[in-house]
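Before any comments, here is the structure.
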2 protein chains.
Amino acid sequence: MTVSKTASDAVRSSRALRREPVDPAGDDSMLQLGELSGLLGYSLKRAQLKVFEDFLRCVAPLQLTPAQFSVLLLLDKNPGRNQTEIANTLGILRPNFVAMLDALESRDLCARMRSTNDRRSHILVLTDRGRAVLARAKKLVANKHEARLIEVLGPANHAALLEMLAKLAQEF
Amino acid sequence: MTVSKTASDAVRSSRALRREPVDPAGDDSMLQLGELSGLLGYSLKRAQLKVFEDFLRCVAPLQLTPAQFSVLLLLDKNPGRNQTEIANTLGILRPNFVAMLDALESRDLCARMRSTNDRRSHILVLTDRGRAVLARAKKLVANKHEARLIEVLGPANHAALLEMLAKLAQEF
DNA sequence: TAATAATCGTTATGCACCATATCAAATATC
DNA sequence: GATATTTGATATGGTGCATAACGATTATTA
């Protein structure tokens, strides 16, 4: 994510919102997916794209991408951490985290403060505006995004799905 | 995917195989994920990366990426189709499908044949070598990749997971 | 039938994401 | 005090994804 980019770019593209496989009675007939439907990775990727699209839609008023939202969440829950710690926790490489922070900082959502203990590192803090935006984002995510997921899957399935995905992300 | 690229590049990177979030007792202490653990999209993306990594490992002898494997699968199940039809079914944009096909064709896994009905389109066919590679890939995927997934999740959970992801990919 | 529109594969291009090497400043280690 | 390590940053390149536009071919329609 480059500095000049904002979340609007992620929502902007009209094509991005209909990226799914196409066969709207336009082509000859439905193609056979075959073993593809049984490939977990295939369905995982497809589902992930859809869920991210919905996230972007739901949180569009705040112009936050999933990655940016996760950074704000982490800064709120873990005050006093530096860039390396936050980036590592999210699986973001330090070089790529710089531009991400630049974008957030330029919008006054967070700030880098030079640590007094270790003057190499930057302590990351949420600004007041950052806290406010995060609070609004949390509500949008819970009431629109996750609510829709739970509605489609059912509460029990939603919980089971979360558990299985967490297990995959950890033990796999 | 550029023409000069092969699946080996996807496996090559050592960092790509340890992209997960880091906190191996190296940093101060474990950071609090907070609401992040409840975010379905977050777990989805994490799980998807892990599953794709495992796919690449398992099918590394054949140098096939998940996307390439899905193309071969689709060509096998749907003979006589052109580039647009195959690309659309997989959610790949036609411009981006060109280089993908170039790579597969340069490895003699598939071929483009000018259609006699419509001389604009290219009918895609698996070569003998393509069929052979696909057969070996199917075995690797089933016996190594999916087998491990089923082992970690349990057969019932694996099936339930597939069903939920398919529902998300469709109805969401 | 002739003119126009639509489709197919393709090229060019740009942006987002991910990964590595490298640097200066600051700190840690010896 | 000399050397090594860490931190944030820059530069760079690969890869995926998206749009615009083009020539060749086919479909539409005036």
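Taking atom CD of A:Q48 as the reference point, atom C1' of C:dC17 lies 12 Å away to the nearest angstrom. One can place CZ of A:R112 at 15 Å from P of D:dT7, the figure rounded to the nearest angstrom. Atom pair A:M100:CE and D:dG8:P shows a separation of 15 Å (rounding to whole Å applied). Atom P of nucleotide C:dT27 and atom NE2 of A:H122 are separated by 12 Å, given to the nearest angstrom. Distance CG (B:L93) to P (C:dG14): 18 Å, rounded to an integer number of Å. If you measure from atom CG of A:N96 to atom C1' of D:dG8, you get 13 Å, rounded to the nearest angstrom. Atom pair B:Q83:CD and C:dT7:P shows a separation of 17 Å (rounding to whole Å applied). Spacing between atom CD1 of A:I86 and atom C1' of D:dG8 amounts to 15 Å, rounded to whole angstrom units.
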Might you list the N or O atoms of the protein lying below 3.5 Å from N or O atoms in nucleotides 20-25 of chain D, with each pair's distance?
unit_1, atom_1, unit_2, atom_2, d
D:dT25, O2, B:R120, NH1, 3.3

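One finds a salt bridge joining A:D54 and A:R148 here, because a Lys/Arg side-chain nitrogen approaches an Asp/Glu carboxylate oxygen to under 4.0 Å.
Just one of B:V133, B:L62, B:L126 meets the side chain to side chain contact (heavy atoms under 4.5 Å, CB included) condition when paired with B:L109; it is B:V133. Of the candidates A:L101, A:L104, A:V71, A:L124 forms a side chain to side chain contact (heavy atoms under 4.5 Å, CB included) with just one, namely A:L101.
A distance-only check finds a donor-acceptor pair linking the side chain of A:T89 to the backbone of A:E85 [under 3.5 Å]. In terms of modelled atom types and a separation under 3.5 Å, the side chain of A:N78 and the main chain of B:Q32 share a donor-acceptor contact.
Atom CZ in A:F97 sits 9.5 Å away from atom OG1 in A:T84 (nearest 0.5 Å).
Taking side-chain N and O atoms only, A:T84 has no distance below 4.0 Å to OP1 or OP2 of D:dT6. When the side-chain nitrogen and oxygen atoms of B:R81 are compared with OP1 and OP2 of C:dC8, none of them lie within a distance under 4.0 Å.
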Quiz item: Can you list the steps and then say if A:Q83 with A:R112 is a side-chain hydrogen bond (donor to acceptor under 3.5 Å, both in side chains)?
Solution: CA-CA 9 Å; A:Q83 300 186 192; A:R112 299 180 234 228; 3.1 Å; yes
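When each of A:R114 and B:K45 is assigned the nucleotide of DNA chain C bearing its nearest heavy atom, the one mapping closer to the 5' terminus is B:K45.
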